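Input: a single structure, listed below in structure tokens.
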Amino acid sequence: MTDKQLTDSEILAKFGVSETRNFAFNQLVRNYQQKVYWHIRKMVIDHNDADDLTQETFIKAWKGLENFKGESQLFTWLYRIATNECLNYLAKKKRRFFLPINDITEELSNKLEDSDMVSGDEIQLKLQKALLTLPDKQRLVFNMKYYDEMKYEDISEITGTSVGALKASYHLAVKKIEEYLKNLPF
Amino acid sequence: MKSEKFDIENLPKENIFKVPENYFSELESNIHKQTIYKRSSSVPLRSWLKTKAWVAVAACTTVGILGYLTMMPTQESIGTESLSGVQNQEIVNYLIQENTNQTDIADQFDGNKSIKISDAELLDNLKVTDKDILQSIDFKNIEEEI
């Protein structure tokens, strides 16, 4: 086998054949593991949590890929699994410890202070802290639009939210962040 | 201008998060361990090969148990029938070899009507000489009784 990166349709075609199934899944992991990991990491902040959730995402992808009908793009399908994993994890975390949202924000914010796992200038750190003040779904939309530069249509496929609602959500998120940063001492 | 400073669209988009060294190559192998390797090692065993082995073991066990229950000798089955094919001489020789009491041997033959044996044959088989008989007779008591 060559190291040439397969396209999504090639991966799906090879996954459908039992002899090349493992190879196809290897390619899928290789193509998307970093994107999926960073998507999750920006949401849960902690590396170990992101690691667990990334693995869980690919295990679910392995189990579900057989039934993937190709109605959506492969990467949006993977992002949808990862997104659900993140949102469920954060919701569970809040329920488990009966923590108000502010406490969760503070907990995640404290993890940003860990210099072993986070680096960057002050403004970038403050931007991340500002992001943590947003509701989870709005933060998710912001990350996909701002950092991943995804099209609204793709974000819509992943989140199941209309393009119009996503545009409004992103616009609102930007305003909140700028307002938050404006009030911080520099 | 403060407002320009916080225009996030003009900020460089940096990823401030770090990962341990070689993390992504380890992640790839961890995912494979939990998906491909697990599945490929378990599929053949879960299929017909494993089932066939268990069926064979179960069949052998069943045949063995049925065979044992059918062929197992019962108390009733051990008797004259089981000894019918054995020559009398062989039985006697066996009993002598086992140092069985001579009286018990005689009792055995008296009680077993299926075995016909004459006194002369018996004495011969027991290897008792006339001299032995005379020595064992208490002549004094015999005379008194007479």
Side-chain angles (χ1 to χ4, degrees), chain A residues 18 21-26 28-30 33-34 36-38 41-42 45-48 50-52 54-63 65 111-112 114-121 123-128 130-131 142 146-149 173-175 177-184 186, chain B residues 1-70:
Chain A
S18 58
R21 172 165 295 189
N22 292 351
F23 170 73
F25 192 73
N26 279 346
L28 176 85
V29 172
R30 207 162 288 171
Q33 62 169 348
Q34 295 208 25
V36 168
Y37 171 83
W38 290 121
R41 177 77 186 269
K42 285 198 285 274
I45 310 298
D46 182 78
H47 164 70
N48 293 323
D51 180 37
D52 287 347
T54 304
Q55 291 188 43
E56 196 56 42
T57 298
F58 280 102
I59 290 167
K60 287 191 174 169
W62 168 258
K63 289 176 183 167
L65 198 55
K111 286 181 179 175
L112 285 171
D114 181 359
S115 59
D116 285 344
M117 299 309 280
V118 177
S119 68
D121 60 23
I123 187 72
Q124 293 295 337
L125 199 60
K126 286 184 188 304
L127 174 59
Q128 284 300 322
L131 278 171
F142 180 87
Y146 182 78
Y147 287 110
D148 300 340
E149 298 180 343
V174 170
K175 290 289 160 205
I177 290 164
E178 286 178 343
E179 192 63 30
Y180 177 91
L181 291 173
K182 206 188 291 180
N183 294 326
L184 286 178
F186 281 95
Chain B
M1 292 288 287
K2 220 174 186 183
S3 59
E4 282 174 3
K5 190 180 178 184
F6 296 122
D7 181 358
I8 61 165
E9 298 294 347
N10 291 330
L11 280 176
K13 293 174 184 174
E14 279 180 30
N15 180 5
I16 65 165
F17 300 106
K18 292 192 285 187
V19 291
E21 211 175 328
N22 298 323
Y23 169 66
F24 285 109
S25 55
E26 283 170 19
L27 174 63
E28 192 177 327
S29 106
N30 285 339
I31 291 167
H32 292 169
K33 274 180 205 159
Q34 292 178 72
T35 52
I36 293 168
Y37 296 152
K38 198 185 271 183
R39 181 165 171 163
S40 56
S41 62
S42 62
V43 162
L45 290 174
R46 222 181 282 148
S47 68
W48 172 236
L49 285 176
K50 193 177 181 183
T51 312
K52 199 164 77 173
W54 279 111
V55 167
V57 168
C60 289
T61 309
T62 309
V63 168
I65 290 169
L66 288 174
Y68 177 74
L69 291 174
T70 311

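Below, chains carry the letters A, B, ... as their sequence lines are ordered, and counting in each starts from 1. Just so it is clear, the model here is predicted, and its values are computed rather than measured. Worth knowing before you read on, the calculation uses all heavy atoms, side chains too, and leaves out hydrogens, waters and symmetry mates.
Both the backbone and the side chain of A:K42 come within contact range of chain B, each with at least one heavy atom under 4.5 Å from a heavy atom of that chain. Proximity to chain B (any heavy atom under 4.5 Å) is shown, for A:I59, by both the backbone and the side chain. Proximity to chain B is absent for every atom of A:E56, based on heavy atoms less than 4.5 angstrom apart.
The minimum heavy-atom distance between A:E178 and B:I8, with the atom names listed, is OE2-N, 3.3 Å.
Using the six-membered ring where Trp is involved, A:Y37 and B:Y23 have ring planes that are tilted, between 30° and 60° apart.
Taking CG from B:N30 and OG1 from A:T54, the interatomic distance works out to 11.0 Å, rounded to the nearest 0.5 Å. Distance CG/B:L11 to CG/A:L181: 8.0 Å, rounded to 0.5 Å. Atom CG of A:N22 sits about 8.5 Å away from atom NE2 of B:H32, to the nearest 0.5 Å.
When the ring-ring contact (aromatic ring centres under 6.0 Å, His included) test is applied to A:Y180, no partner is found at least two apart in sequence or on another chain.
Of the possible donor and acceptor atoms, one in the side chain of A:R41 sits under 3.5 Å from a partner among the backbone N and O of B:K18. Of the possible donor and acceptor atoms, one in the side chain of A:Q33 sits under 3.5 Å from a partner among the backbone N and O of B:F24.
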- [ ] Run the numbers on A:Q128 and B:F17 for side chain to side chain contact (heavy atoms under 4.5 Å, CB included), then give the verdict.
- [x] CA-CA 10 Å; A:Q128 284 300 322; B:F17 300 106; 3.7 Å; yes

TODO: Report the C-alpha distance between B:E14 and A:L127 in whole Å, list the side-chain angles of each, state the deciding distance to 0.1 Å, and finish with yes or no for side chain to side chain contact (heavy atoms under 4.5 Å, CB included).
DONE: CA-CA 10 Å; B:E14 279 180 30; A:L127 174 59; over 6 Å; no

Open item on the list: Under the criterion side chain to side chain contact (heavy atoms under 4.5 Å, CB included), I'd like the reasoning laid out for A:F58 against B:T35: C-alpha separation, chi angles, the key distance, then a yes or no.
Closed with: CA-CA 8 Å; A:F58 280 102; B:T35 52; 5.7 Å; no

TODO: With side chain to side chain contact (heavy atoms under 4.5 Å, CB included) as the test, would you mind laying out the steps for B:V19 and A:W38 before giving the verdict?
DONE: CA-CA 10 Å; B:V19 291; A:W38 290 121; 3.7 Å; yes

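Relative to the ring axis of A:Y146, B:K13 places its NZ or CZ within 45° and under 6.0 Å from the centre.
Of the N and O atoms on the side chains of A:Y147 and B:N15, not one donor lies less than 3.5 Å from an acceptor on the other residue.
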